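Structure first, then comments.
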Amino acid sequence: MRKHTIALGGAGLMLGVSLLAVHAQELTGELPDPPEFAAQSEPVFVSISDILEYKALPEYHEPDWVTSKYVEAGTLPPVAERLPKEPMVYKTANMPDGVGVYGDTMRHVIGGRPEGWNYIGGQSQGWGGIDIGLSECLTRTGPLFMVKADELEPLPNLAKSWEWSEDGKSLTMHLIEGAKWSDGDPFDADDVMFYWEDNVNDANVSPLNGATPESWGVGTTLEALDPYTIKWTFKEANPTQYLYTMAYGTFCPGPSHILKPQHPKYNPDNTYEEYKNAFPPEYMNIPVMGAWVPVEYRADDIVVMRRNPYYWKVDEAGNQLPYLNEMHYRLSTWADRDVQAVAGSGDFSNLEQAESFVESLKRSAEDSAPARLQFGARTIGYALRMNFSANGWGEPDARGQAVRELNRNLDFRKAITVALDRQRLGDSLVRGPFTAIYPGGLYAGTTYYDKASTVYYPYNIEAANALLDGLGLTDTDGNGIRNFPADQAGGGDLEITLLANTDYGTDTNLAEGVIAQLEPLGIRVIANFQSGTARDDMAQSGQFDWSVERQGSEVVSVVQGTSALAPTGPRTHPFHRAGTDGTLDLLPFEQELVDTVNAFIATSDNAERAELMKKYQNVFTENVYSVGLTQYPGALIINKRFANIPAGSPIFMFNWAEDNIIRERVFVPADRQGDFELHPETLPGAPGSAGPM
Ligand code: BQZ
């Protein structure tokens, strides 16, 4: 009986505990189950071969106006010549509403701002589906939410097939043959090798979404055998895991015929900064492999895209995709995205900010509501992440270094995790059955999650104070703020900066919750709130003590972003990267996590994988590698006029919904089409020319 009482946080009051007592007493407790919250629709699980294939078809079609205004005018080759030998063909049986019709627009609203079009050079296009729509990658994983678990493997995409060598150490991939960039230039292995050699493997370039040479395993090589065949060679056997890293965001080649002339290796007059910024947002008609091409940009207003006449995917009737002629990205805020989607002035939103749930639910419940709102599983989660590098990543000053040392101390991390009242944090966002107490690590309700392996330290303010006292962090100058030990940071006040993203109310609300809940313990947490791109740059360069962050797909699916689960390489992990000497100063439990993740990557035995992830979860949560804050479901909001939206599409799992719903095969029935096209019956112009043709 006694043990149970202690675990209940409040009961801790009776203890008047000292550090010894805290260590003696069991700080862990029973993790409450997430409140019942059923996803509002289930996927129809299928095999990959039910979704698509690559095949030549007897005939191909395009919008009539393309034929009449461009092909017959001789300014565009016939559709059959614009398509690859064997286009990707989406199977009708897997399309919820079948073969579609051409026309209409999807009106996105986004909170980011385009820096320019050089994605592989490290520029952001503003997120919210822009880069996902422009960039096609070797493989694809967004739609995997609908694939049977025992057949899970990335979908082919620019790489249409592949085979492993006998010893499993090399992987030969066959690229789609005869596909073209949206300006008609051939896509081939040159584009793949330019990305690999002159961007990923060029230390002066940091591709967007963080691809590094180690993302595919230390010592891995890639070569082109011919224009349509590439060969990977790995140190370990059968690392099938890396097929996921060949999908969005890490292996999406750029147009080498346009980028190479700007790269310092081929153009010594250019600096790397000039290469990165060579294609500003004002540069229109950048060649893409995606379904739509940017033809208009008005700063802080809108990006308009028109259908790619060389898009290399069709339906089974031979209709060249996409069905939608135009894409809009209104440049606003993420919160406004929700508002406009439920109001019908926007067409799409990932309802991911819990503060907007109640209002969005109310609006979309009305019969006259223009949009459908559909909650999915709890795949949105936030954690407090501590910078674990004590050897210089982010070049901390003396105070910062002292904080790093504390971050690396388990008792300190335990003190912080038991000091936080997660129920109150969750309720501060939204009341009701949405938020769940999240201790950290893999999310409850996901494939590899195991509750029994999850260590949970419940809220216990007494224990927190005792642990901090035990670390010698006492208020030596009586100003209510604990102090560093005399030999660290000059024994100054315990001040810790907290990085958070101002583009999202949820991020700053949770950060303010952390600041407020730690203040009574005498810890002065200082807000360092930055807008998206600035925040991302600071986080990736280690310029933070702590950060409150929405987590990536690695803690949802494990198989997507696996190498980010532990510092498996010098620049792969979100909160522990190599120091100034290029080495990682891993703590013993971190090494255990690295070994476990590498073992997971190197085996395809499902039972072994499940055991490895149990170990990962146990070591992670026992050592409070990051302090989980809250976990909740997101909801997909889509205007009701759109068809072919797959059932059960999560807003976030292997990727965001902008990928998951396969937008190129989304259509609007003729009788429901709106009159939203800003440049009807036009196609993209020549690279760099103003506006559509
Ligand atoms: C979804 C997503 C599509 C990036 C971004 C943004 C960046 C991060 C993250 C999300 C936005 C939307 O997320 O919030 O709903 O549309 O774009 O790319 O947060 O700042 O760097 O990782 O995906």
Side-chain angles (χ1 to χ4, degrees), residues 106-115 119 122-135 137 140-142 206-211 247-250 252 290 303 327-341 346-357 360 373 375-376 379-383 385 499-508 510 529-541 544 547-557 560-561 564 574 632-638 649-661 663:
M106 186 175 280
R107 300 166 302 162
H108 286 274
V109 174
I110 67 172
R113 295 292 181 274
E115 295 176 306
Y119 176 98
Q123 287 188 312
S124 150
Q125 283 75 49
W127 310 100
I130 289 193
D131 57 299
I132 288 173
L134 293 175
S135 303
C137 317
R140 185 173 188 178
T141 57
S206 303
L208 194 73
N209 280 319
Y248 173 84
T250 40
C252 315
V303 174
M327 275 282 164
H328 295 171
Y329 294 91
R330 285 212 173 281
L331 307 180
S332 175
T333 68
W334 299 114
D336 184 36
R337 176 173 69 170
D338 302 330
V339 172
Q340 294 210 39
D347 291 325
F348 174 99
S349 186
N350 294 326
L351 181 60
E352 61 198 359
Q353 300 198 70
E355 298 90 331
S356 312
F357 284 6
S360 301
L373 183 157
F375 270 98
T379 61
I380 303 293
Y382 281 81
R385 291 168 162 180
L499 181 63
N501 188 336
T502 54
D503 290 1
Y504 300 91
T506 310
D507 295 43
T508 50
L510 284 172
F529 295 175
Q530 303 284 338
S531 72
T533 311
R535 189 224 73 92
D536 293 352
D537 293 348
M538 281 184 159
Q540 276 143 27
S541 58
F544 64 95
S547 74
V548 161
E549 269 179 79
R550 186 180 65 195
Q551 300 188 113
S553 54
E554 66 275 6
V555 289
V556 180
S557 69
Q560 185 70 50
Y632 55 81
L636 184 57
I637 307 175
I638 291 213
S649 309
I651 69 166
F652 186 60
M653 187 176 275
F654 299 92
N655 199 356
W656 290 98
E658 292 93 331
D659 183 9
N660 306 348
I661 67 172
R663 287 180 293 174

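Note: hydrogens, waters and symmetry copies are ignored here, and every other heavy atom, side chains too, is used. Just follow the structure's listing: the first ligand is 1, and inside any ligand the first atom is 1. Just so we're clear, the structure is a prediction, and the values are computed from it rather than from any experiment. Each residue takes its place number in the sequence, starting with 1.
Taking only nitrogen or oxygen atoms, main chain and side chain alike, G532 does not reach within less than 3.5 Å of ligand 1. Checked against a 3.5 angstrom limit, the closest N/O atoms of D131 and ligand 1 fall outside it. Considering both main-chain and side-chain atoms, W656 comes within under 3.5 Å of ligand 1 through a nitrogen or oxygen pair. Ligand 1 has no nitrogen or oxygen under 3.5 angstrom from a nitrogen or oxygen of W334.
Using a 4.5 Å heavy-atom cutoff, the side chains of L499 and R535 are in contact. Put simply, the side chain of S124 does not reach to within 4.5 Å of the side chain of D131, judged on heavy atoms.
Ligand 1 lies within reach of Y504, whose nearest heavy atom is under 4.0 Å from it. Using a 4.0 Å cutoff on heavy atoms, R337 counts as a contact of ligand 1.
Inspection of the E355 and T506 side chains reveals an N or O donor paired with an N or O acceptor under 3.5 Å. Inspection of the E658 and N350 side chains reveals an N or O donor paired with an N or O acceptor under 3.5 Å. Side chains of S531 and D503: a donor-acceptor N/O pair is absent below 3.5 angstrom, by distance only.
Counting heavy atoms closer than 4.0 Å to ligand 1, residue R535 contributes nothing at all. When heavy-atom distances to ligand 1 are checked against a 4.0 Å cut-off, Q540 has no atom that comes that close, whether in backbone or side chain.
Looking only at heavy atoms of the protein, atom 3 (C) of ligand 1 is closest to G128 N, 3.5 Å. Looking from atom 13 (O) of ligand 1 to the surrounding protein, the closest heavy atom is R550 NH2, 3.0 Å. Closest protein heavy atom to atom 16 (O) of ligand 1: E658 OE2, 2.5 Å. For atom 15 (O) of ligand 1, the closest non-hydrogen atom on the protein side is E352 OE1, 2.6 Å.
The shortest heavy-atom contact between Y504 and E352 is CE2-OE2, 3.2 Å.
D507 and R550 are not joined by a salt bridge, as no carboxylate oxygen comes within less than 4.0 angstrom of a charged side-chain nitrogen.
Near N350, meaning under 4.0 Å from one of its heavy atoms, ligand 1 places the atoms 1 (C), 10 (C), 15 (O), 16 (O). Close contacts between ligand 1 and D536 involve ligand atoms 8 (C), 20 (O), 21 (O) [criterion: under 4.0 Å to a heavy atom].
Using a 30° and 60° split on the angle between ring planes, Y119 and Y248 fall in the tilted class, from 30° to 60°.
Judged by distance alone, with hydrogens and angles left aside, the side-chain atoms of N655 form no donor-acceptor pair with the main-chain N or O of G142 at under 3.5 Å.
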